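In what follows, a structure is listed as structure tokens, so that the remarks can point back to it.
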Amino acid sequence: MNYWLFKSEPGAYSIDDLAKEKKTFWDGVRNYQARNFLRDGVKKGDQVLFYHSNSEPNGIYGIAEIVKEGYPDHTAFDPESHHFDPKSKPQNPAWFMVDITFVKKFSTPVTLEEIKANPKLQEMKLLQRGNRLSIQPVTKEEFSIIVSSGK
DNA sequence: GCCAACGTTGGC
DNA sequence: GCCAACGTTGGC
């Protein structure tokens with residue numbers, strides 16, 4: 001079992017949207033490093049910290065779980081889609097996505113400020129300088145610290 | 001709204 | 001293959 005952090009701008013897709021829909025496909029990832037995680041690393045049953053960026057406050061708002069492993073991101077094939085990428089072909093897809101399901105929403109989010117203040121969480125990729133990766137691995141320890149502080 | 005950090009593109 | 005220009009991310 002692996003642990004991940006997925007970033008989303010709540011204006012685009014929030015934990016409340018997921019709570020309502022119960023399940024969604026995580027499309028539109030157009031970064032190679034994040035793509036590699038989606039294609040090769042993310043497995044069914046893995047747990048996901050759901051992070052809101054550009055929000056007030058920034059932080060982890062809840063938990064999701066992987067229900068379907070990496071498969072081609074079909075939005076890249078659709079010229080009408082905002083995520084269309086002509087370089088990605090159905091016979092040789094460049095981009096991948098996974099399906100996630102809602103697990104829980106924290107009654108109070110674990111904020112970026114709290115994460116920064118916790119000595120045990122200093123290694124998180126989230127805090128590393130200039131980090132923009134939207135899919136990041138998280139250790140089991142980091143995951144359990146966050147889950148136990150986010151009720 | 002600003003801007004630093006970073007990834008990608010394209011001319012050479 | 002280099003690197004300047006450009007676009008995007010995301011905290012503040």
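Here the structure is a predicted model, which means the values were calculated and not measured. Naming convention: chains lettered A, B, ... in sequence-line order (proteins, then strands); numbering from 1 in each chain. The figures here come from the full heavy-atom set of this structure, side chains too, leaving out hydrogens, waters and symmetry mates.
- A distance of 6.0 Å or more separates the ring centres of W4(A) and F50(A).
- With a 4.5 Å cut-off on side-chain heavy atoms, S144(A) and Y3(A) do not count as touching.
- In summary, of the residues considered (V29(A), L49(A), L38(A)), a side-chain contact (heavy atoms from CB on, under 4.5 Å) with F6(A) occurs for L38(A) alone.
- When the nearest nucleotides of DNA chain B are assigned to K87(A) and R129(A) by heavy-atom distance, the more 5′-ward of the two goes with R129(A).
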Item to check | Protein-to-nucleotide contact annotation, 5' to 3' order, nucleotides 6-12 of chain C [B base; S sugar-phosphate only; - none; under 4.0 Å, heavy atom] | outcome: -BBBBBS

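- Classification of R35(A) and D73(A) as a salt-bridged pair fails, no side-chain N sitting under 4.0 Å from a carboxylate O.
- Between L5(A) and the options L126(A), L133(A), V48(A), a side-chain contact (heavy atoms from CB on, under 4.5 Å) holds for only L126(A).
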